[in-house]
Amino acid sequence: MSLKSERRGIHVDQSELLCKKGCGYYGNPAWQGFCSKCWREEYHKARQKQIQEDWELAERLQREEEEAYASSQSTQGAQSLTFSKFEEKKTNEKTRKVTTVKKFFTASSRTGAKKEIQEAKAPSPSINRQASIETDRVSKEFIEFLKTYHKPGQDIYKQCKLFLDAMNHKRELSIEEQSECAQDFYQNVAEKLQTRWKVPPEKVEKAMDQIEKYIMTRQYKYVFCPETTDDEKKDLAVQKRIRALHWVTPQMLCVPVNEEIPEVSDMVVKAITDIIEMDSKRVPRDKLACITKCSKHIFNAIKITKNEPASADDFLPTLIYIVLKGNPPRLQSNIQYITRFCNPSRLMTGEDGYYFTNLCCAVAFIEKLDAQSLNLSQEDFDRFMTGQTSPKKQESDSFSPDVCLGVKQMYKNLDLLSQLNERQERIVNEAKKLEKDLIDWTDGITKEVQDIVEKYPLEIKPKNQALAAIDSENVENDKLPPPLQPQVYAG
């Protein structure tokens with residue numbers, strides 16, 4: 001049950017975090033290893049290919065129906081005319097549907113996004129509904145912020161209102177399509193700020209953060225963990241997986257953090273708090289900020305423990321340990337929400353993008369974690385996963401004198417619980433063995449009895465007939481003298 005003597009830490013090369021297309025930006029497992037920009041390019045290519053195939057199929061079906069209509073028109077009378085009208089109506093309906101699909105899936109460039117925004121000018125009732133306190137606060141902050149931009153600020157506010165109105169008319173679209181609309185809107189506004197309104201890059205970044213906050217505060221309830229996706233199912237699977245791995249220790253992951261140091265222990269608690277707090281935020285940028293704060297606490301904890309700056313090889317195992325220890329709620333939903341609706345520039349570069357990519361790697365590692373990853377034998381890994389036993393805890397005698405009595409007592413109680421668990425397992429195993437022996441003994445006796453019965457079968461003979469009287473055949477019995485009677489001789 002002991003760990004293997006050779007320790008092998010979790011190592012991820014820096015190049016593995018970058019986009020696999022080689023553009024230099026950070027990749028993401030949710031985008032199949034691409035960055036946001038390259039993923040959208042690949043997605044558009046695949047989508048255009050599918051659209052072309054669907055269009056060719058529709059044209060072929062239309063030609064076949066037209067040929068069938070032309071051949072039947074010459075042989076049929078009035079009934080044929082009625083049927084042909086039906087066929088023509090059916091063909092027009094199919095063509096209209098294909099055209100509608102093509103409009104949905106055409107390359108959503110800036111002009112496409114602009115048309116979608118301009119077409120939705122009618123105010124939506126859901127936009128005019130009574131806003132929550134947080135929504136009102138964000139709206140006031142957004143308006144005050146845009147006042148510093150003067151004329152561009154007015155246009156930005158108008159574009160945001162039109163976009164929200166358009167999104168309310170697209171609830172029937174899939175979450176991926178809604179994400180595409182949001183990404184196109186971000187790109188369209190950012191380019192307008194830079195080219196048309198000549199806003200400096202630093203102010204563009206601040207403006208995009210405020211736009212994202214204003215937009216996503218209103219869209220959060222519709223696009224976070226929607227019912228049309230399997231995000232909730234993935235959340236439950238990850239939570240179940242993390243609960244099953246509760247026995248994983250820092251030593252198994254080669255985590256360079258000593259929680260016995262009070263400062264390090266405080267940093268670990270803060271990191272867990274930050275990663276859990278991520279679920280309470282509504283804006284993707286705020287969720288990213290929680291991940292960044294968590295990561296910085298991890299780096300500080302490693303630095304205090306090692307008395308030197310932390311490396312990337314130290315950070316990822318510690319982040320995995322923090323996720324296992326904290327078990328953040330709705331982890332997959334939060335990751336998908338950030339991936340779909342965060343400003344792509346934040347995920348592609350900078351410390352936010354780096355920490356978020358590492359979090360995605362940590363979750364992927366937890367989902368695929370096995371015995372080899374923890375330097376354990378497969379037998380020990382299976383026993384730990386099924387709860388049959390747990391890794392041996394630190395002996396209380398090995399603690400330094402300055403460790404508090406509560407920690408010593410805690411490890412002592414854990415050791416006692418471990419011993420009781422092992423005794424209970426032995427009793428249960430012996431009881432199962434006894435039960436098996438009794439069943440085997442019963443089956444053996446039954447088989448022996450059956451063998452004897454088959455070897456010596458019981459034969460039941462018919463009942464013997466009564467013996468006939470000696471004189472039964474004498475028909476003249478009535479002429480015989482009476483039988484002799486015994487006489488007593490008195491002598």
Side-chain angles (χ1 to χ4, degrees), residues 1-13 16-17 29-30 32-33 230 233-259 268 272 275 298 311-328 331-332 335 358-395 398 410-411 413-437 439-440:
M1 193 180 296
S2 60
L3 298 176
K4 295 179 181 179
S5 57
E6 182 182 357
R7 303 298 301 170
R8 178 169 53 84
I10 301 169
H11 173 74
V12 175
D13 193 81
E16 297 179 15
L17 302 178
Q32 300 179 7
D230 58 350
K233 183 179 179 180
K234 292 180 179 179
D235 289 335
L236 296 176
V238 171
Q239 282 195 338
K240 183 179 179 181
R241 176 69 172 173
I242 293 177
R243 283 197 296 267
L245 294 170
H246 66 90
W247 47 269
V248 176
T249 63
Q251 292 76 23
M252 294 178 181
L253 296 171
C254 300
V255 176
V257 168
N258 185 5
E259 294 187 64
V268 170
I272 294 174
I275 198 69
I298 291 175
S311 64
D313 290 338
D314 295 332
F315 170 67
L316 183 58
T318 311
L319 178 61
I320 294 172
Y321 174 68
I322 293 297
V323 173
L324 289 175
K325 196 168 183 180
N327 197 358
L331 183 56
Q332 280 288 358
I335 290 177
N358 274 274
L359 177 62
C360 295
C361 293
V363 175
F365 177 84
I366 291 173
E367 292 176 341
K368 300 178 181 179
L369 188 141
D370 55 11
Q372 186 179 5
S373 305
L374 299 175
N375 301 283
L376 294 173
S377 65
Q378 188 62 43
E379 180 183 359
D380 288 345
F381 182 82
D382 294 337
R383 287 170 61 84
F384 294 154
M385 289 296 292
T386 56
Q388 295 180 5
T389 185
S390 59
K392 188 176 181 181
K393 304 299 180 181
Q394 185 174 3
E395 298 294 340
S398 63
M410 179 186 69
Y411 278 102
N413 293 340
L414 289 173
D415 187 53
L416 289 175
L417 288 173
S418 179
Q419 295 178 13
L420 289 174
N421 187 34
E422 292 178 359
R423 289 176 60 186
Q424 183 181 10
E425 288 178 1
R426 287 198 297 269
I427 293 173
V428 171
N429 292 333
E430 292 296 331
K432 291 181 178 179
K433 183 180 178 182
L434 177 60
E435 181 183 9
K436 184 177 181 301
D437 293 341
I439 293 174
D440 293 341

Colleague: Could you tell me whether K234 and E367 have a side-chain N and a carboxylate O separated by less than 4.0 Å?
Modeller: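 A salt bridge is absent here (no side-chain N lies under 4.0 Å from a carboxylate O).
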
Colleague: Can you find a pair of side-chain heavy atoms, one from C360 and one from I335, that are under 4.5 Å apart?
Modeller: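 Yes - at least one pair of side-chain heavy atoms lies under 4.5 Å apart.
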
Colleague: CE of M252 to OG of S373: how many Å apart, nearest 0.5 Å?
Modeller: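 Between M252 CE and S373 OG, I get 12.5 Å after rounding to 0.5 Å.
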
Colleague: Considering non-hydrogen atoms only, spot the tightest contact between L316 and C361 and give its length.
Modeller: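 The answer is CD1-CB, 4.5 Å.
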
Colleague: May I have the step-by-step check of side chain to side chain contact (heavy atoms under 4.5 Å, CB included) for L253 and L324, ending in yes or no?
Modeller: CA-CA 11 Å; L253 296 171; L324 289 175; 4.1 Å; yes

Colleague: So which atom in P328 and which in Q239 form the shortest heavy-atom distance, rounded to 0.1 Å?
Modeller: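 Shortest heavy-atom contact: O-NE2, 4.0 Å.
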
Colleague: Could you grab the distance from atom CD1 of I322 to atom CD1 of I298, nearest 0.5 Å is fine?
Modeller: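 Reported value, rounded in 0.5 Å steps: 5.0 Å.
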
Colleague: Of all residues at least two apart in sequence or in a different chain, which pass the ring pair (Phe, Tyr, Trp, His ring centres under 6.0 Å) check with F381?
Modeller: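 If we apply the ring pair (Phe, Tyr, Trp, His ring centres under 6.0 Å) test to F381, skipping adjacent residues, the hits are W247.
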
Colleague: Show your working on side chain to side chain contact (heavy atoms under 4.5 Å, CB included) between V255 and T249 and close with a plain yes or no.
Modeller: CA-CA 9 Å; V255 176; T249 63; over 6 Å; no

Colleague: Is any side-chain heavy atom of V257 less than 4.5 Å from a side-chain heavy atom of Y321?
Modeller: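 No, every pair of side-chain atoms sits at 4.5 Å or beyond.
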
Colleague: Any idea which heavy atoms bring L374 and V248 closest together, and the distance?
Modeller: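 Smallest heavy-atom distance, with atoms named: CD1-CG2, 4.1 Å.
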
Colleague: Got a sec, which residues hit side chain to side chain donor-acceptor pair (under 3.5 Å) with D440, two or more places apart in sequence or on another chain?
Modeller: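 Checked D440 against side chain to side chain donor-acceptor pair (under 3.5 Å); matches are K436.
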
Colleague: Would you give the length of the straight line joining atom CG of L414 to atom CE of M410, rounded to the nearest 0.5 angstrom?
Modeller: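 So the CG of L414 and the CE of M410 are separated by 6.0 Å.
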
Colleague: Show the nearest heavy-atom pair for residues S377 and A371, with the distance to one decimal.
Modeller: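 Result for this residue pair: O-CB, 3.8 Å.
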
Colleague: Using the side chain to side chain contact (heavy atoms under 4.5 Å, CB included) criterion, which residues pair with Q419? Sequence neighbours excluded.
Modeller: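 Residues passing side chain to side chain contact (heavy atoms under 4.5 Å, CB included) with Q419: D415, L416.
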
Colleague: May I ask you to test the M385-L245 pair for a side-chain heavy-atom distance under 4.5 Å?
Modeller: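 M385 vs L245: side chains touch.
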
Colleague: Quick check: closest heavy atoms across P317 and C254, and the distance to 0.1 Å?
Modeller: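 Looks like CB-O, 4.4 Å.
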
Colleague: Can you find a heavy atom in the side chain of I366 that is under 4.5 Å from one in the side chain of I242?
Modeller: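 Yes; the side chains approach each other to less than 4.5 Å.
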
Colleague: Please name the residue in the list D380, D382, L376 that meets the side-chain contact (heavy atoms from CB on, under 4.5 Å) test with Q378.
Modeller: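 One option only clears the test, and that one is D382.
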
Colleague: What distance separates L434 CG from I439 CD1, expressed to the nearest 0.5 Å?
Modeller: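 The distance works out to 10.0 Å.
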
Colleague: Checking side-chain polar atoms at under 3.5 Å, does N421 have a donor or acceptor matched by the opposite partner on S418?
Modeller: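 The answer is no; no qualifying pair exists.
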
Colleague: To the nearest 0.5 Å, what is the distance between CZ on R423 and CZ on R426?
Modeller: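 Atom-to-atom, R423:CZ and R426:CZ are 7.5 Å apart.
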
